[in-house]
Amino acid sequence: MLAVVGTCQVSVAAAPCDKPVYLTFDTGHMGVAPLVAEVLQRQQVKVTFFLADEKTLTGGSSLDAQWAPWWKARAAEGHVFGSHTLDHVYWRADRPGGRFEMRPSAGPQAGRSREMDGAAYCAELDRSARRFTEMTGQHMAPLFRAPGGRTSPALLAAAQACGWQHVGWAPAGFLGDELPSDRYPNAQLLQRALRDIRAGDILVAHLGIWSRQDPWAPAVLEPLIVGLKQRGLCFATLAEHPTYRAAVQSGSKP
């Protein structure tokens, strides 16, 4: 960063992030995405996004042509990106023969259960990576988050075999934006997060949740960032996380 001293600009090194937390966002209806981007820019925070092509408030989808410039801008800012499966495909059960019962919540097969083998699941992860490259000209990190965090050891092994590493979140890092706002108001979610989050935690939120009447972002986002900074914590991407750093540095997708 640059500091102004008299009439001269002097380069000042940013303080090292020695007590990091790792803020991540999954896609959603995108209604709060512009506001999220403003907060991240204002607070100079880098995060990790997990991308699926979900239905948006405007009737399109989160990775369509309307949103491509938004993703390209976030990529230029230096955030990190992983797959959330293109059609937001939920794992439901393991099936014999190395197959899985899956159900997408987006795309042409939304709401319909189907069986997939490991190769088909890897292809679904890759579809998100290819779309990211089409939108931004950059490559996705070999990280993914299963929708809802729903996995099995067999599913994780299948994804690992084709180069994808799964990312969950810390218990305190569940920021609650999926919860009903009448029972979990924003003030309560903020208080809980500021009390419980510790250095090293991975945090999860979304770029818009259909079911929540009182949106979590940006109401909680900026006070949370400011409050955690005041506690001496700092923000880093998963490219700096000890568990995921090597995977991010060793390869990209597709």
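We number each residue from 1, following the sequence as shown.
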Exercise. Check the pair T56, H29 against side-chain hydrogen bond (donor to acceptor under 3.5 Å, both in side chains), reporting the backbone distance first and the verdict last.
Key: CA-CA 4 Å; T56 61; H29 63 52; over 6 Å; no
Quiz item: Which is it for F25 and H206 under the side chain to side chain contact (heavy atoms under 4.5 Å, CB included) test, yes or no, and what are the steps along the way?
Solution: CA-CA 5 Å; F25 284 93; H206 300 77; 5.8 Å; no
Taking atom [atom1] of [X] and atom [atom2] of [Y], what is their separation to the nearest 0.5 Å?
X	Y	atom1	atom2	value
M102	R92	CE	CZ	10.5 Å
L203	I225	CG	CD1	9.5 Å
L86	L51	CG	CG	9.0 Å
H79	Q138	NE2	CD	11.0 Å
D177	S211	CG	OG	9.0 Å
R145	T48	CZ	OG1	8.5 Å

Please say yes or no: joined through hydrophobic side-chain contacts below 4.5 Å, possibly via intermediate residues, are [X] and [Y] part of one cluster?
X	Y	value
M135	M30	yes
L179	L190	yes
I209	V36	no
V39	L207	yes
W169	L224	yes

With a 4.5 Å heavy-atom cut-off, do [X] and [Y] have their side chains touching?
X	Y	answer
P20	L233	no
F235	C17	no
Q213	S181	yes
T237	Y22	no
V220	L175	no
S128	H84	no
R103	V89	no
R130	P254	yes

Quiz item: Does atom NZ of K46 have more than 12 heavy-atom neighbours from other groups under 6.0 Å away?
Solution: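 Atom NZ in K46 is crowded, with more than 12 foreign heavy atoms closer than 6.0 Å.
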Quiz item: Is the CZ atom of R42 crowded by more than 12 outside heavy atoms at less than 6.0 Å?
Solution: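 Yes, CZ of R42 has more than 12 neighbouring heavy atoms, counting only those of other groups under 6.0 Å.
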Practice problem: Could you label the plane-to-plane angle of the Y121 and F100 rings as parallel, tilted or perpendicular, counting under 30° as parallel and over 60° as perpendicular? | Solution: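 Tilted, since the angle between the ring planes falls between 30° and 60°.
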Exercise. Name the orientation class of the two ring planes belonging to F49 and W70 (parallel below 30°, tilted from 30 to 60°, perpendicular beyond 60°).
Key: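 Geometry flag for W70 against F49: perpendicular rings.
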Exercise. Decide whether a cation-pi geometry holds between R212 and W210; the criteria are a distance under 6.0 Å from NZ or CZ to the six-membered ring centre and an angle within 45° of the ring axis.
Key: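 Geometry flag: not set, cation outside 6.0 Å or 45°.
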If only atom types and distance count, is the side chain of [X] paired as donor or acceptor with the main-chain N or O of [Y] below 3.5 Å?
X	Y	answer
N186	P215	yes
R150	W91	no
D196	A193	no

Practice problem: Test Y244 against V167 for side chain to side chain contact (heavy atoms under 4.5 Å, CB included), laying out the working first. | Solution: CA-CA 8 Å; Y244 305 107; V167 179; 3.7 Å; yes
Do we see a donor-acceptor contact under 3.5 Å between the side chains of [X] and [Y]?
X	Y	result
Q160	Q165	no
S62	E54	no
W164	D126	yes

Exercise. Carefully, step by step, assess L143 and F50 under the rule side chain to side chain contact (heavy atoms under 4.5 Å, CB included).
Key: CA-CA 8 Å; L143 305 176; F50 290 95; 4.2 Å; yes
Self-check item: R127/D87 under salt bridge (charged side-chain N to carboxylate O under 4.0 Å, His left out): CA gap, chis, key distance, verdict
Solution: CA-CA 9 Å; R127 291 174 69 210; D87 287 342; 3.1 Å; yes
Quiz item: Are E101 and R114 close enough for a salt bridge, meaning some N to O gap below 4.0 Å?
Solution: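 So E101 does not pair with R114 through a salt bridge.
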Minimum-distance pair of heavy atoms, taken over all atoms of [X] and [Y]:
X	Y	answer
A68	R131	CB-NH2, 4.2 Å
G176	L189	O-CD1, 3.4 Å
K253	G163	CE-O, 3.7 Å
V248	A141	CG2-CB, 4.1 Å
G60	D64	CA-OD2, 3.4 Å
G118	A158	CA-CB, 3.9 Å

Quiz item: Hey, mind stepping through E77 and Q41 against side-chain hydrogen bond (donor to acceptor under 3.5 Å, both in side chains) and telling me if it holds?
Solution: CA-CA 9 Å; E77 290 167 352; Q41 290 168 350; 2.4 Å; yes
Self-check item: Step-by-step side chain to side chain contact (heavy atoms under 4.5 Å, CB included) determination, W71 to L63
Solution: CA-CA 8 Å; W71 290 111; L63 307 183; 3.5 Å; yes
Quiz prompt | Derivation of the side-chain hydrogen bond (donor to acceptor under 3.5 Å, both in side chains) call for Q43 and K229 | solution = CA-CA 10 Å; Q43 292 296 328; K229 286 180 177 179; 3.0 Å; yes
